[in-house]
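Data block below; observations after.
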Protein chains: 2
Amino acid sequence: MSEIRNTSRSGPRPGGRSLRVQEAVHAAVVALIEEFGREGLTVPQVAARAGVTPSTIYRRWSDIATLISDVAQRNLRTDCPLKPCGRLSDDLPAWAEMYQDEMDSTPGRAMVRDVLRGWDGMQKACPLLDAVRPSIALICDASSEPVNFDVEAVIDAVVAPLLTRMIFTDAPLASTLARDAAVAFVEQHLSNASGPGRGQQSVPRK
Amino acid sequence: MSEIRNTSRSGPRPGGRSLRVQEAVHAAVVALIEEFGREGLTVPQVAARAGVTPSTIYRRWSDIATLISDVAQRNLRTDCPLKPCGRLSDDLPAWAEMYQDEMDSTPGRAMVRDVLRGWDGMQKACPLLDAVRPSIALICDASSEPVNFDVEAVIDAVVAPLLTRMIFTDAPLASTLARDAAVAFVEQHLSNASGPGRGQQSVPRK
DNA sequence: CTCCCTAACGCAAAATATTTGCTTTAATCG
DNA sequence: CGATTAAAGCAAATATTTTGCGTTAGGGAG
């Protein structure tokens with residue numbers, strides 16, 4: 001009788017009960033991790049704490065790793081109390097140091113691990129960098145000098161070595177690793193303001 | 001009666017039955033992944049295929065993720081048929097390109113994902129870099145010119161951006177990403193043979 | 001505002017997976 | 001060649017995940 005309705009929506013419903021369930025589950029995960037650690041955390045446990053049936057969790061997230069990764073991603077919000085002073089040679093190293101301190105800590109590493117576990121390797125990337133781009137951009141925008149490089153170049157020079165070392169190195173990281181990289185990077189890019197040493201990196205990507 | 005014997009050994013027994021079981025299990029994982037993919041691979045499945053009881057697998061590896069990660073690590077052996085010609089400006093970019101092709105492929109990404117899943121975030125690092133250091137060192141050793149940088153510097157400049165982009169970026173990678181980075185790196189380090197642009201990186205670490 | 005439609009939840013049974021205690025096997029060492 | 005013991009097998013006990021179906025409550029359409 002009725003016309004063909006355009007009912008093509010996807011994903012969970014944005015509000016109402018679904019939202020309440022999601023919040024309860026997320027809160028339960030956070031609480032249980034704080035209380036018992038994430039080792040041996042199970043779906044039925046989370047369900048019980050959240051006042052929800054296990055099957056609900058299984059249907060929405062499909063396993064505990066995905067759920068934990070999801071929670072970790074919500075908490076990515078780097079509430080970065082950044083006060084750029086306008087001098088890149090101060091701001092970027094300061095930020096780099098703060099970033100390393102944040103990431104290379106027990107909760108930081110746990111977060112990275114959790115996010116990584118939800119990665120399928122192909123489809124959707126781990127969203128870790130999404131949280132750093134705004135901070136770097138903020139610093140660049142605040143610079144009083146002209147900026148002849150890309151946010152992505154900073155990621156390659158500062159963030160990439162840090163993350164790579166964190167994940168793929170046994171020995172504890174030098175505490176100034178990121179800061180030093182930032183200092184070197186700024187130095188190199190201020191010395192010759194019109195042509196940076198590394199070819200394609202001054203051309204904005206993406 | 002007997003003296004206090006120094007029976008402090010650890011880890012699984014190196015040979016005999018234990019070894020046979022490990023080999024059978026690893027082979028079963030490889031076969032099953034090839035046959036059905038790794039999604040939904042279960043311990044009982046692997047056990048059945050390997051002709052082993054599930055409890056054996058549970059006791060040795062503790063879950064399927066650890067087992068798969070273990071298998072992935074065994075296959076890390078980059079049988080890299082590298083023929084350095086002695087010119088860094090040729091060898092390093094060529095290797096970088098090959099490395100990217102290998103890593104940024106379906107099996108390569110799956111391998112990275114698998115290895116990453118076994119990472120606990122703290123104790124033992126993902127052993128991915130262990131496979132690349134020898135290759136880089138080989139290239140450096142073969143160089144006819146004096147080398148004024150570190151293997152670790154190459155990792156920071158070439159490998160780190162590649163891995164970081166693979167894991168943390170949605171868009172497909174530029175196929176020349178690693179090669180370009182290698183070209184830039186060599187260029188920078190050959191132009192001023194006595195003092196590279198980036199401070200601490202010419203000092204061997206570790 | 002009310003009524004429908006349906007996505008998402010709850011419940012409980014069934015199917016699987018995991019843990020555990022005990023027994024058996026076979027490497028390794030004296 | 002035994003004795004010792006780490007590791008494997010077996011099976012029962014638990015715990016988990018899956019699944020089918022009835023129920024609830026958002027979110028339009030009228």
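Computed from a predicted model, the values in this text were never measured in an experiment. Each chain gets a letter, A, B and so on, in the order the sequences are listed, and its residues count up from 1.
Contact annotation: B/T42 reaches the phosphate of C/dA17 (side-chain N/O to OP1 or OP2, under 4.0 Å). Remark: A/R60 is in phosphate contact with C/dC9, judged by side-chain N or O atoms under 4.0 Å from OP1 or OP2.
Taking atom CH2 of A/W61 as the reference point, atom P of D/dT18 lies 15 Å away to the nearest angstrom. In this structure, B/I57 places its CD1 atom 13 Å from P of C/dT19, rounding to the nearest Å. Distance B/Q45 CD to C/dA15 P: 18 Å, rounded to the nearest Å. Atom CD of A/E23 and atom P of C/dC9 are 13 Å apart (whole Å). Across the protein-nucleic acid pair, B/D63 atom CG and C/dT19 atom C1' stand 13 Å apart, rounded to whole Å. Rounded to an integer number of Å, the gap from B/R17 CZ to D/dG9 C1' is 8 Å. Remark: P of D/dT17 and CD of B/E39 are 15 Å apart, rounded to the nearest angstrom. D/dA7 atom C1' lies 12 Å from atom CZ of B/R20, rounded to whole Å.
A donor-acceptor pair is defined here as one N or O able to donate and one able to accept, closer than 3.5 Å; such a pair exists between the side chain of A/T164 and the backbone of A/A160. Side-chain N or O atoms of B/T176 include none that pairs as donor or acceptor with a backbone N or O of B/R179 at under 3.5 Å.
Side chain A/S55 to base C/dC9: no donor-acceptor pair is found below 3.5 Å. Residue-to-nucleotide contacts include a donor-acceptor pair under 3.5 Å from the side chain of B/R59 to the base of D/dG9.
Using a 4.0 Å cut-off between charged nitrogen and carboxylate oxygen, A/R133 and A/E152 count as a salt-bridge pair.
Side chain to side chain, B/T66 and B/S69 fail the donor-acceptor criterion of an N or O pair below 3.5 Å.
Distance from the side chain of A/Y58 is smallest to D/dT17 among D/dG26, D/dT17, D/dA7. Residue B/T53 places its side chain closer to D/dG9 than to any other of C/dC11, D/dG9, D/dA8.
With a 6.0 Å radius and a threshold of 12 heavy atoms from other residues, nucleotides or ligands, A/E34 has its CD atom at or below the threshold.
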